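Once you've had a glance at the structure underneath, I'll fire off some questions.
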Amino acid sequence: MSTIAQQSNIENARTLIEKINEKCFEKCIPKPGGSLSSGESTCLTTCMQKYMQAWNVVSQAYITRIKSDPRGN
Amino acid sequence: MSTIAQQSNIENARTLIEKINEKCFEKCIPKPGGSLSSGESTCLTTCMQKYMQAWNVVSQAYITRIKSDPRGN
Amino acid sequence: MSTIAQQSNIENARTLIEKINEKCFEKCIPKPGGSLSSGESTCLTTCMQKYMQAWNVVSQAYITRIKSDPRGN
Amino acid sequence: KDLQTFIENEQQKAKFQANVHSLTDLCWTKCITGKISSTTIDRSEESCLVNCVNRFIDSQKAIVGQLDVMGGRT
Amino acid sequence: KDLQTFIENEQQKAKFQANVHSLTDLCWTKCITGKISSTTIDRSEESCLVNCVNRFIDSQKAIVGQLDVMGGRT
Amino acid sequence: KDLQTFIENEQQKAKFQANVHSLTDLCWTKCITGKISSTTIDRSEESCLVNCVNRFIDSQKAIVGQLDVMGGRT
């Protein structure tokens, strides 16, 4: 049974990586050049940390809402 | 067998709700505030009715097209 | 077993057609009128050929990258 | 009607509904561009929606036809 | 806990996670609009994200409620 | 080749094709920005497409690498 739970966690991490790459590639690399510039690399790291924070804020807000209003979603 | 047909209807209604919320949230709530304003609520109701009309117009046009041109899709 | 391989090819062609239609409808038919104008038809053909070229360029670049860096994706 | 036919009908219905959902999404974005003020769709919006559905199917057919001409080299 | 309960819990968890991913996607686009310069989310971005989640759920409830009023004629 | 290997190969092929479709979608939007006039992709569009694929993979690797550094606390 722990295998199913693990797969679920892997799936969750995979989706998070995909979303971060989608959003941060768009924000940090508007015109892809011959290599990642150091500015682009820095932007990616910064953006990733920010996206994970946003993800945490959204999770917390969603949990709070569900708890205060169980039939609400 | 009616259970399968029911599930299909539920799925259809669920997708319609998702689409309406996606489109109307975008149109009616550009900057989410601390609560839904009455203007936002009115906009959501109006938008929803309009989306369902659009859905009906598209359904009809699609059915008409398929009938006139069965191999066309 | 060749049936599975065939299905995979059909699926691939179907996705390509869907993507071409999505992108080229957007580019070539900004305001849909009562019929396809000849300008719109030409644009669709041109756009389709260009999309397939882009698809080939991307495939090649992706294959080259995977080969040079097998753990890279 | 037997089970096989029933299942095929349901699959076709599901595909039809999925197509209607994605066409409505696409054509809503293309045709309903202003602010939402009226609950009803006006004449020009309605004809835009109908044209959008038909031109989208025309476009799909043109692409498939062109692929056939090219010898299906996808 | 038996297998049935375990599977239902996992399905609910998967649905919760999928909702968090799509809400984060939507609210990121709505609330994080400037250039990426700081690694931390500022006050106004944070309250925008929280409001975005809550108004999205409000909006969903309003639509479902309205559908019920209309007698579920979808 | 046995069945197991055959299925794994097909799955890998399907994943590869799905990646090519989504990369083409993304990079088309980023690189083919003008009006459609020529049937061929010009030099600058081609190099944009190739760079887009490579930078996207670089970006993905940078994110995964960073997650590892952070101790995988996702």
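What you see is a predicted model; the values in this text were computed from it and never measured. Below, chains carry the letters A, B, ... as their sequence lines are ordered, and counting in each starts from 1.
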query = What are the two closest non-hydrogen atoms of Lys30(F) and Ile29(A), and how far apart are they?
reply =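 The answer is CE-O, 2.7 Å.
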
Practice prompt. Could you tell me which portion of Leu26(F) (side chain, backbone, both or neither) has an atom closer than 4.5 angstrom to a non-hydrogen atom of chain A?
Written response: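 Side chain of Leu26(F) only, per the 4.5 Å heavy-atom cut-off to chain A.
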
Calculate, to the nearest 0.5 Å, the distance between atoms CD1 and CG belonging to Ile57(F) and Leu36(A) respectively.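 Reported value, rounded in 0.5 Å steps: 11.5 Å.
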
query = Taking C-beta and beyond as the side chain, do Met52(A) and Leu67(F) meet within less than 4.5 Å on heavy atoms?
reply =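 Met52(A) reaches Leu67(F) side chain to side chain.
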
- Calculate, to the nearest 0.5 Å, the distance between atoms CE and OG belonging to Met48(A) and Ser59(F) respectively.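 The distance works out to 10.5 Å.
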
- Which distance, rounded to the nearest 0.5 Å, do you find between the OG1 of Thr33(F) and the NZ of Lys31(A)?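 Going from OG1 on Thr33(F) over to NZ on Lys31(A), the span is 7.0 Å.
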
query: What part of Gln49(A) lies closer than 4.5 angstrom to a heavy atom of chain F: side chain, backbone, both or neither?
result: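 Contact with chain F is through the side chain of Gln49(A) alone.
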
Best-contacting candidate, Pro30(A), Cys24(A), Cys28(A), against chain F by heavy atom pairs under 4.5 angstrom:
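Of the options given, most contacts go to Pro30(A).
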
Worksheet entry | Segment of Leu44(A) engaging chain F (4.5 angstrom heavy-atom cut-off) |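 Interface part for Leu44(A): side chain.
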
request  = Nearest 0.5 Å please: distance from the CD atom of Glu22(A) over to the CZ atom of Phe56(F).
outcome  =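 That separation rounds to 7.5 Å.
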
For Pro32(A) and Cys48(F), which heavy atoms make the closest approach, and how far apart are they?
->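 Pro32(A) and Cys48(F) have their closest heavy atoms at CG-O, 4.1 Å.
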
(Q) Return the CD1 to CD1 distance between Ile63(F) and Ile17(A), rounded to the nearest 0.5 Å. (A)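 Taking CD1 in Ile63(F) and CD1 in Ile17(A), the distance rounds to 8.0 Å.
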
Review point. Just wondering, more than 12 heavy atoms not from Lys15(F) lying within 6.0 Å of its NZ?
Key: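 For Lys15(F), atom NZ is not crowded (no more than 12 foreign heavy atoms under 6.0 Å).
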
_Heavy-atom side-chain contact between Phe25(A) and Gln60(F) under 4.5 Å_ =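 SC-SC contact between Phe25(A) and Gln60(F) ruled out.
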
